[in-house]
Amino acid sequence: MGQQQLMLTVLVTLIVGLMTIVGIALFQAHRDESLKDIIRQDVMEAGTVGQLYYKMPTAMGGGSKSFTDITLFDIQLDTASVISRFEISETAPEYFKITATPKSDIEAFTAVVYSNRIEWE
């Protein structure tokens with residue numbers, strides 16, 4: 001009878017250990033996806049403000065149908081947040097690129113903002 005109890009204890013310990021490892025892995029995966037969603041949302045909001053900048057006349061602080069001189073300040077985005085760093089990596093009259101580099105081990109995001117759409121690279 002003692003041997004069965006010992007086997008049961010070992011089995012329960014193994015199951016609990018494995019479930020703990022699986023739980024930690026799932027939690028980390030969920031955390032990474034949540035961080036990606038937050039960063040995407042920040043980039044999308046900045047892209048939308050950038051589209052407003054494009055349409056606004058220069059006299060009102062806009063680009064007058066050009067993204068050439070757009071800055072992070074113009075799109076109301078700081079260079080760094082708690083979870084990522086932002087930069088405008090390329091500008092042209094018809095588009096600009098926003099790159100978000102997460103501070104964790106997640107890959108960087110780049111969005112190309114045009115006057116009528118936003119595309120992910």
Side-chain angles (χ1 to χ4, degrees):
M1 189 77 137
Q3 192 173 17
Q4 287 179 340
Q5 291 172 341
L6 181 61
M7 292 290 280
L8 188 58
T9 304
V10 170
L11 182 62
V12 168
T13 304
L14 283 173
I15 291 173
V16 169
L18 287 174
M19 290 299 114
T20 302
I21 292 170
V22 169
I24 290 171
L26 287 173
F27 180 78
Q28 289 174 341
H30 179 68
R31 181 204 59 179
D32 289 348
E33 287 302 313
S34 295
L35 291 175
K36 288 177 185 179
D37 290 343
I38 292 168
I39 294 168
R40 283 187 195 111
Q41 183 64 34
D42 287 345
V43 171
M44 289 296 288
E45 288 176 10
T48 302
V49 174
Q51 290 172 334
L52 293 172
Y53 171 89
Y54 177 86
K55 295 173 184 173
M56 197 178 307
T58 307
M60 296 178 66
S64 289
K65 307 273 187 208
S66 175
F67 289 117
T68 304
D69 296 325
I70 197 165
T71 64
L72 289 174
F73 179 78
D74 294 327
I75 57 175
Q76 302 170 1
L77 194 62
D78 291 332
T79 56
S81 70
V82 175
I83 58 174
S84 64
R85 291 178 195 84
F86 299 99
E87 68 176 324
I88 294 179
S89 54
E90 185 179 337
T91 61
E94 60 277 349
Y95 71 91
F96 73 99
K97 291 184 181 182
I98 304 173
T99 301
T101 307
K103 293 181 180 177
S104 61
D105 58 349
I106 304 170
E107 70 277 353
F109 296 92
T110 300
V112 182
V113 180
Y114 297 93
S115 62
N116 60 352
R117 68 188 186 281
I118 300 173
E119 296 178 357
W120 294 99
E121 284 193 341

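Just so you know, these numbers come straight off a predicted model, no measurement behind them.
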**Q** So M44 and W120, do their side chains get closer than 4.5 Å, heavy atoms only?
**A**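 Yes. Closest side-chain heavy atoms under 4.5 Å.
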**Q** When you group the ILVMFWY residues by side-chain heavy-atom contacts below 4.5 Å and let the links chain together, are V113 and M56 in the same group?
**A**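 M56 and V113: separate clusters.
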**Q** Show which side-chain atoms of residues 17-34 pair as donor or acceptor with protein atoms under 3.5 Å away, not counting sequence neighbours.
**A**
unit_1 : atom_1 : unit_2 : atom_2 : d
T20    : OG1    : V16    : O      : 2.8
E33    : OE2    : K36    : NZ     : 3.4
S34    : OG     : H30    : O      : 3.0

**Q** Can you tell me how far apart OG1 (T101) and CD1 (I39) are? Round to the nearest 0.5 Å.
**A**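 The CD1 atom of I39 is 9.0 Å from OG1 of T101, to the nearest 0.5 Å.
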**Q** Determine which pairs satisfy side-chain hydrogen bond (donor to acceptor under 3.5 Å, both in side chains) with at least one residue from residues 105-116, sequence neighbours left out, and list them in order.
**A**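 For residues 105-116, and leaving out neighbouring residues, the side-chain hydrogen bond (donor to acceptor under 3.5 Å, both in side chains) pairs sorted by first residue read T99-T110.
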**Q** Give, for atom CD1 of I75 and atom CZ of F67, the distance between the pair rounded to the nearest 0.5 Å.
**A**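 Answer for the CD1-CZ pair, I75 versus F67, is 10.0 Å.
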**Q** To the nearest 0.5 angstrom, please state how far the CG atom of D78 sits from the CG atom of D42.
**A**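 Output value for this atom pair is 10.0 Å.
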**Q** Would you compute the distance between atom OG1 of T68 and atom OH of Y54 and round it to the nearest 0.5 angstrom?
**A**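 With rounding to 0.5 Å, OG1 (T68) is 9.5 Å from OH (Y54).
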**Q** So do the side chains of D74 and T71 get within less than 4.5 Å of each other, counting heavy atoms only?
**A**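 With C-beta onward as the side chain, the pair touches.
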**Q** Considering only NZ, NE, NH1 and NH2 on the basic side and carboxylate oxygens on the acidic side, decide whether E87 and R85 come within less than 4.0 Å.
**A**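 Salt bridge: no.
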**Q** Would you say NZ of K103 has more than 12 non-hydrogen atoms from neighbouring residues, nucleotides or ligands within 6.0 angstrom?
**A**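 Yes, NZ of K103 has more than 12 neighbouring heavy atoms, counting only those of other groups under 6.0 Å.
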**Q** Find out if a path of hydrophobic residues (ILVMFWY) with successive side-chain heavy-atom gaps under 4.5 Å connects V112 to F109.
**A**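 Result: no, two separate clusters.
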**Q** What's the spacing between I98 CD1 and L77 CG if we round to 0.5 Å?
**A**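 So the gap between those two atoms works out to 6.5 Å.
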**Q** Are I70 and M60 co-members of a hydrophobic cluster defined by side-chain heavy atoms under 4.5 Å apart?
**A**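 Unlinked, M60 and I70 end up in two clusters.
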**Q** Would you indicate whether the side-chain heavy atoms of L72 and I88 approach each other to under 4.5 Å?
**A**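 Sidechains of L72 and I88: in contact.
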**Q** Say whether, by atom type as modelled, one donor and one acceptor occur between the side chain of S84 and the main chain of P102 under 3.5 angstrom.
**A**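 Not confirmed, S84 side chain does not pair with P102 backbone.
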